[in-house]
Amino acid sequence: MKAIVDCNSFYCSCERVFRPDLDSRPVVVLSNNDGCIISRSDEAKALGVGMAAPYYQNKDIIDKNGVAVFSSNYNLYGDLSHRVMDVLRKLVGPQQVEVYSVDEAFLDLFDAPHAQLESFAIRIKETVECWTGIQVSIGIAPTKLLCKLANKLAKKDKRGTGGTMVIETADQQKKALEETMIDELWGVGRQYAMKLKNLGIETAWQLRNMPEEWARKHLGGVVGVRLIKELNGIPCIPMKDPLETKQMIATTRMFGKPVQRLSDLKEAVATYTSRAAEKLRRQHCAATLLDVFVVTNNYAGSYRYNPQTRHRAAKLLEATSNTNELFKVAMPMVESLYHAGSNYLKAGVMLGGLVPDGSIQGAIFREHEKHHVKDLMTAVDNINFSMRDNAVKYLASGLARNWKMRQDMKSRRFTTRWDELYKVK
DNA sequence: TCTGGGGTCCTAGGACCC
DNA sequence: TCTGGGGTCCTAGGACCC
């Protein structure tokens with residue numbers, strides 16, 4: 001058996017930990033640049049505030065109902081997320097926890113006694129809530145897909161099951177699947193949902209009873225087959241090794257306001273490149289592919305939002321995690337992508353073809369020089385980690401930073417900065 | 001005036017090889 | 001004059017997730 005533990009309205013819950021006065025007030029948290037609403041408390045959902053809805057379109061409802069609004073505070077959320085995951089590791093063992101996202105983790109319960117699953121779930125839930133202040137819902141089932149489904153049902157009926165739900169027996173599975181519409185299923189997005197509805201399939205139970213060959217034909221090949229199997233309680237999505245490293249690293253941002261100057265665009269890409277390189281070094285990897293992209297909106301005759309992306313990719317001669325080496329490749333790419341007179345909304349850097357940095361093959365005559373550079377990178381990373389964000393930065397990243405994003409309603413970093421600690425009195 | 005920032009997996013199709 | 005079949009690797013793009 002497996003479980004998923006999911007934090008309820010995670011970002012909102014994080015804000016409430018330090019603002020108990022908001023416990024019964026609606027709360028929302030905005031995306032970077034204060035653009036979209038990406039987390040809503042139950043009260044905000046009840047008001048009809050949509051997920052991923054643009055902030056400005058909901059401003060009326062928000063103002064009228066005294067909704068508390070926050071810019072996203074990733075230092076705070078990241079730290080509380082680690083605390084939740086640490087509690088889970090303590091309860092079930094570090095190898096049994098797969099962190100799936102900032103607010104969700106799968107647990108491998110292969111040896112948990114069946115008769116005690118329900119009480120086990122309740123104990124996990126109560127411990128996490130007591131130790132971190134974050135409320136969670138838990139779904140337990142034989143497959144990941146059924147776990148997600150159980151979790152969704154547990155969330156719907158908070159009092160009945162206390163925010164936990166076990167789907168184990170054939171009866172429990174049938175009942176749960178009949179209650180679930182296909183568009184609520186994990187792995188069924190807008191496209192598949194539309195397709196399925198056109199074929200007359202409405203509930204998860206109906207989908208479960210379709211033959212695999214049918215799924216292979218209509219639902220993206222192996223993806224569809226996996227869906228059906230998982231619905232039938234046959235595990236096809238394995239637990240991931242917690243030590244696995246990423247295959248791709250990206251850093252991309254919208255600008256606070258559109259930029260037109262090449263110098264601003266280069267500063268932004270340099271900043272994202274150095275961020276991406278930091279992430280790369282943190283997982284002890286080097287990249288062999290670099291991709292730079294820029295997004296323009298040229299408002300042809302109207303103000304319609306009609307973004308256009310252009311990108312350049314480069315294969316690196318030598319795998320590297322050295323920020324300077326990456327700059328040397330990225331900067332000319334920005335220049336070649338740039339057209340004077342365009343409005344740039346966004347830019348990004350992606351690093352791919354990742355290899356472990358212990359095994360970098362390269363020019364033998366440069367060995368000495370490379371050790372030097374590695375020490376420098378380590379020093380920069382250490383300073384930035386221990387001091388504060390970007391205590392040491394590259395000049396190429398700029399000083400004026402006209403393009404920096406807006407975050408007008410950010411709470412304090414209560415748990416990760418001495419000068420922003422919560423004050424009791 | 002204002003629409004996020006990451007990721008994964010899969011398929012199709014082209015280039016190339018023998 | 002005739003012009004196969006099988007394989008690999010890579011890239012682009014779609015669909016999905018939180």
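Below, read A as the first sequence line, B as the second, and so on, with proteins coming before strands; counting in each chain starts at 1. On a predicted model such as this, the values are computed, not experimentally measured, just so you know.
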For dC18(C), the Watson-Crick or wobble counterpart (both distances under 3.5 Å): dG5(B)
Q283(A) has an atom CD; how far is it from atom P of dG7(B), in whole Å? 9 Å
Reckon Y100(A) touches a base, only the sugar-phosphate, or nothing at all at heavy-atom distances under 4.0 Å? sugar-phosphate
Check every strand shown and say whether I249(A) touches a base, only sugar-phosphate, or nothing at a heavy-atom separation below 4.0 Å. sugar-phosphate
Between dT8(B), dC16(C), dG6(B), which one does the side chain of K240(A) approach most closely? dT8(B)
Look at all strands and tell whether R275(A) reaches a base, only sugar-phosphate, or nothing, counting heavy atoms closer than 4.0 Å. nothing
Donor + acceptor pair across side chains of T415(A), D79(A) (<3.5 Å): yes
To the nearest Å, give me how far apart NZ (K410(A)) and P (dG4(B)) are. 18 Å
Please classify the nucleic acid contact of T251(A) as base, sugar-phosphate, or nothing, using heavy-atom distances under 4.0 Å. sugar-phosphate
Check the angle between the aromatic planes of Y77(A) and Y11(A) and answer parallel, tilted or perpendicular using the 30° and 60° thresholds. parallel
Assign K257(A) to base, sugar-phosphate, or nothing according to its heavy-atom contacts below 4.0 angstrom with the strands shown. nothing
Tell me what N32(A) touches on the nucleic acid: a base, only sugar-phosphate, or nothing, going by heavy atoms under 4.0 Å. sugar-phosphate
In plain terms, say whether R413(A) and E420(A) are close enough for a salt bridge, that is, a side-chain N and a carboxylate O under 4.0 Å apart. yes
Parallel, tilted or perpendicular: rings of W403(A) and Y272(A) (30°, 60°): perpendicular
Mate of dG13(C) across any strand shown (Watson-Crick or G-U wobble, both atom pairs under 3.5 Å) is dC10(B)
In whole angstroms, the gap separating C1' of dT3(B) from CG of N343(A) amounts to 16 Å
Without decimals, in angstroms, what is the distance between D103(A) CG and dC17(C) P? 15 Å
Tell me the interatomic distance from K346(A), atom NZ, to dG4(B), atom P, rounded to whole angstroms. 6 Å
Using a cut-off of 4.0 Å on non-hydrogen atoms, how would the nucleic acid contact of V102(A) be classed: base, sugar-phosphate, or nothing? nothing
Taking the minimum atom-to-atom distance to the side chain of M254(A), which one of dG4(B), dC18(C), dC9(B) wins? dG4(B)
Applying a 4.0 Å non-hydrogen cut-off, can you work out what K59(A) is touching in the nucleic acid: base, sugar-phosphate, or nothing? nothing
Whether R253(A) contacts dG6(B) is assessed here as follows: a side-chain N or O lying under 4.0 Å from the phosphate OP1 or OP2. Is that the case? yes
From the list dC18(C), dT3(B), dC16(C), which nucleotide is the closest neighbour of the side chain of Q191(A)? dC16(C)
note: Y272(A), atom OH; dG4(B), atom C1'; distance rounded to Å ~ 12 Å
Spacing of L30(A) atom CG relative to dT3(B) atom P, expressed in whole Å: 13 Å
Using the closest heavy atom to pick a nucleotide of DNA chain B for each, name whichever of G221(A) or M405(A) lands nearer the 5' end. M405(A)
Calculate the interatomic distance between Y11(A) atom OH and dG5(B) atom P; express it in whole Å. 12 Å
Considering only heavy side-chain atoms of Y56(A), the closest of dT3(B), dC10(B), dT8(B) is dT3(B)
Side chain of C36(A), heavy atoms from C-beta onward: which of dC18(C), dT3(B), dC10(B) has the nearest atom to it? dT3(B)
Considering only heavy side-chain atoms of V223(A), the closest of dC2(B), dC10(B), dG6(B) is dC10(B)
Salt bridge or not between D419(A) and R417(A)? Use side-chain N to carboxylate O under 4.0 Å. no
For K144(A), report the nucleic acid contact type (base, sugar-phosphate, nothing); a contact means any heavy atom under 4.0 Å. nothing
Sugar-phosphate, base or nothing in reach of D34(A), heavy atoms under 4.0 Å: nothing
Could you tell me whether L185(A) contacts a base, only the sugar-phosphate backbone, or nothing, with contacts defined as non-hydrogen atoms closer than 4.0 Å? sugar-phosphate
Exercise: identify the closest heavy-atom pair between E15(A) and L76(A): OE1-CD2, 4.3 Å
Looking at R406(A), I'd like to know whether one of its side-chain N or O atoms comes within less than 4.0 Å of OP1 or OP2 on dC2(B). no
Among dC18(C), dG4(B), dT11(C), which nucleotide sits nearest the side chain of S31(A)? dG4(B)
Mind checking the C1' distance from dC16(B) to dG4(C)? Whole angstroms is fine. 16 Å
Does K279(A) make a side-chain N or O approach to OP1 or OP2 of dG6(B) shorter than 4.0 Å? yes
Would you call the rings of Y100(A) and W186(A) parallel, tilted or perpendicular, taking 30° and 60° as the class edges? perpendicular
